[in-house]
Amino acid sequence: MKSKKHFSLLTLLLISILSLALVGCSDKESSTEDTKSTESDTADAEESAAEYPIVIKHAFGETTIEEKPERVATIAWSNQDVALALGVVPVGFSAANYGVQDDSGMLPWTAEKLKELGEENPNIYQDTDGLDFEAIADSNPDVILAAYSGITQEEYDTLSEIAPVVAYQDIPWVTSWRDQITYNSIGMGMEEEGKQLLADTEKLIQDKVSEYPEIKGKKAAFAMFTATDLSKFYIYTPGDPRGDFLGDLGMEFPESVQNQIENPDSFYLELSAENADALSDVEIFVAYGDDTTLAALQADPILGNVPAIKNGAVAIIGDNTPLAAAGTPSPLSIEYTIDDYLTLISDAAKKIK
């Protein structure tokens with residue numbers, strides 16, 4: 001995600017078809033008509049559940065959606081996953097720029113869901129170096145979902161000339177997966193379906209976490225270390241989706257690190273090695289890296305003495321992998337990666353002394 005220039009991590013939904021078998025026998029005609037009537041009434045009730053116009057307030061003011069969008073476009077990171085999880089194939093969405101293992105521009109959970117919904121040739125905007133306004137306009141959207149993004153005022157204004165835009169609420173690139181679902185689903189005229197998706201995702205997380213009682217209540221921090229320069233490092237704050245998701249998994253943000261945060265709007269905290277004592281109550285680290293990262297941390301004369309690092313209670317997530325991309329979660333990425341993620345953290349928790 002280009003607005004997070006220092007990290008490039010990011011830290012990226014169906015038309016339900018109901019078939020009715022019509023029976024030609026005259027003695028079943030009345031029953032068939034009753035069924036049709038019931039289905040029609042249900043459809044009318046669902047349509048009226050969303051009252052138009054819908055007004056969504058956000059960082060750039062407010063967006064008005066006059067009627068239910070039929071053509072949904074998404075930009076930036078993972079907004080397409082909300083639409084897909086709700087059964088709607090976007091008319092266009094941004095290529096993923098981190099964690100992709102092929103030339104598809106899609107992370108595996110996005111590709112899997114598209115296949116499930118029968119879309120074999122998705123329209124992907126190649127806008128990782130800047131929004132492709134022409135391609136977005138050519139897809140002729142009725143709404144543009146960008147609840148998780150880093151768009152500027154100028155970009156928002158340009159996009160708004162194409163279609164109503166659902167922007168982030170306050171700060172770029174810190175929208176939680178819950179708010180992604182909430183505001184994008186409202187923008188799609190699917191607020192009630194969004195609430196159900198929220199509930200289903202939360203239940204999935206709770207069910208999975210219950211299988212790993214050893215991580216409950218542990219003090220954990222999502223960090224970024226550079227093995228070639230350990231003079232400084234970064235901790236993602238609870239306001240960042242990566243830090244926030246550790247809380248969803250039943251862990252706690254270390255108080256000693258919390259006390260170092262001076263700017264509540266920042267999604268990360270930069271610390272020098274001399275501040276390593278701020279990590280004294282961290283029990284588990286989650287960090288990007290490779291199979292040399294932990295050894296480099298343990299060999300460092302300062303960081304090597306941090307208890308969690310010394311004990312090896314560090315869950316290393318391979319850099320530029322799908323699991324690393326899932327650090328900034330979406331409803332689809334959570335379902336796809338949560339078992340692998342919890343297994344890594346569980347292994348780290350078993351090394352706490």
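Nothing fancy with the numbering, it's 1 onward along the sequence.
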Between Arg178 and Glu202, is there a side-chain N and carboxylate O pair less than 4.0 Å apart?
yes
For Trp109 and Ser333 the tightest heavy-atom approach is CE2-CB, 3.3 Å
Rounded at 0.5 Å granularity, tell me how far CG in Leu131 sits from CD1 in Ile151.
7.5 Å
Taking every heavy atom of Leu323 against every heavy atom of Thr337, the minimum-distance pair comes out as CD1-CB, 3.7 Å
Are Thr226 and Leu230 close enough that some pair of their side-chain heavy atoms sits under 4.5 Å apart?
no
Can you confirm whether Glu283 is buried at CD, in the sense that more than 12 heavy atoms of other residues, nucleotides or ligands lie under 6.0 Å from that atom?
yes
Is there side-chain contact between Glu214 and Lys350, with at least one heavy-atom pair below 4.5 Å?
yes
Give a yes-or-no answer on whether the side chains of Asp157 and Ser160 include a donor-acceptor pair shorter than 3.5 Å.
no
Output yes when Lys195 and Glu192 qualify as a salt bridge under the 4.0 Å nitrogen-oxygen rule, no when they do not.
yes
Check: Thr152/Glu154 side-chain N/O donor and acceptor closer than 3.5 Å
no
Would you say the side-chain atoms of Thr110 and Asp81 include a donor-acceptor pair closer than 3.5 Å?
yes
Got a second to check how far Leu197's CG is from Ile181's CD1, nearest 0.5 Å?
4.0 Å
Determine yes or no for a side-chain-to-main-chain donor-acceptor pair under 3.5 angstrom, with Ser346 supplying the side chain and Leu342 the backbone.
no
Under the side-chain contact (heavy atoms from CB on, under 4.5 Å) criterion, do Tyr212 and Ile345 qualify, and how do the steps go?
CA-CA 9 Å; Tyr212 299 86; Ile345 296 173; over 6 Å; no
Exam field: side chain Asn79 to backbone Ile75, donor-acceptor pair closer than 3.5 Å:
yes
Over all heavy atoms of both residues, which pair between Ser94 and Ala76 is shortest? Give the atoms and the distance, please.
OG-N, 2.9 Å
Check: Asn140 main-chain N/O paired with Arg71 side-chain donor or acceptor under 3.5 Å:
yes
Residues Trp177 and Asp248: side-chain donor-acceptor under 3.5 angstrom
yes
Show the nearest heavy-atom pair for residues Ile65 and Pro164, with the distance to one decimal.
CG1-CB, 4.2 Å
Would you say the rings of His58 and Tyr183 are close, in the sense that their centroids are separated by under 6.0 Å?
no
Centre-to-centre under 6.0 Å for Tyr236 and Tyr268, is that the case here?
no
Within a strict 4.5 Å, meaning less than it, do heavy atoms of the Ser149 and Glu155 side chains meet?
no
Are side-chain heavy atoms of Pro241 and Tyr148 found at a separation under 4.5 Å?
yes
Donor-acceptor check, side chain of Ser266 to backbone of Asn263, threshold 3.5 angstrom: yes or no?
no
Look only at the side chain of Gln101 and the backbone of Asn320, and say whether a donor-acceptor pair between them is shorter than 3.5 Å.
yes
Report yes if some heavy atom in the side chain of Leu107 is under 4.5 Å from a heavy atom in the side chain of Trp77; otherwise report no.
yes
side-chain contact (heavy atoms from CB on, under 4.5 Å) assessment of Tyr125 paired with Thr74
CA-CA 9 Å; Tyr125 308 135; Thr74 78; over 6 Å; no
Checking the side chain of Asn275 only, and the main-chain atoms of Ser272 only, is there a donor and an acceptor separated by less than 3.5 Å?
yes
Measure from the ring center of Phe222 to the ring center of Phe285 and say whether it is less than 6.0 Å.
no
Main-chain N/O of Thr201 paired to Gln206 side chain as donor or acceptor, under 3.5 Å
no
Hey, could you give me the CG/NZ distance between Asp339 and Lys208, rounded to the nearest 0.5 Å?
3.5 Å
Keeping Ser104 on the side-chain end and Met106 on the backbone end, is there a donor-acceptor pair under 3.5 Å?
yes
Go through the side-chain N and O atoms of Ser139 and Asn123 and say whether any donor and acceptor fall under 3.5 Å apart.
no
Show the atom names and distances, to 0.1 Å, of all donor-acceptor pairs under 3.5 Å that link a side chain in residues 292-318 to residues at least two apart or in another chain.
residue : atom : partner : partner atom : Å
Thr292  : OG1  : Asp290  : OD1          : 2.6
Thr293  : OG1  : Asp290  : N            : 2.9
Thr293  : OG1  : Asp290  : O            : 3.3
Thr293  : OG1  : Asp290  : OD1          : 3.4
Gln298  : NE2  : Ile309  : O            : 3.0
Asp300  : OD2  : Ile302  : N            : 3.0
Asp300  : OD2  : Leu303  : N            : 2.8
Asn305  : ND2  : Pro301  : O            : 2.9
Asn311  : ND2  : Pro307  : O            : 3.0

Report the C-alpha distance between Ile235 and Leu279 in whole Å, list the side-chain angles of each, state the deciding distance to 0.1 Å, and finish with yes or no for side-chain contact (heavy atoms from CB on, under 4.5 Å).
CA-CA 10 Å; Ile235 304 290; Leu279 307 177; 4.3 Å; yes
Answer with yes or no whether the side chains of Gln180 and Thr175 bring together a donor and an acceptor at under 3.5 Å.
no
Closest approach of Ala324 to Tyr98 (non-hydrogen atoms, all atoms of both residues)
CB-OH, 3.5 Å
Which atom of Ala59 lies closest to which atom of Asp170, heavy atoms considered
CB-O, 3.8 Å
Walk me through whether Phe93 and Leu145 qualify under side-chain contact (heavy atoms from CB on, under 4.5 Å).
CA-CA 9 Å; Phe93 60 91; Leu145 306 183; over 6 Å; no
With a 6.0 Å cut-off on the ring centroids, do Phe267 and Trp173 count as close?
no
Take a 6.0 Å sphere around CD of Glu211 and say whether it holds more than 12 heavy atoms from other residues, nucleotides or ligands.
yes
CD on Glu335 to CD1 on Ile205, rounded to 0.5 Å
11.0 Å
Do Val72 and Val91 have side chains that get closer than 4.5 Å, going by heavy atoms?
no
Lys68 side chain to Met188 main-chain N or O, any donor-acceptor pair under 3.5 Å?
yes
Between the main-chain N or O of Ala135 and the side-chain N or O of Asp132, is there a donor-acceptor pair closer than 3.5 Å?
yes
Heavy-atom count check: over 12 atoms from other residues, nucleotides or ligands less than 6.0 Å from Glu67 CD?
no
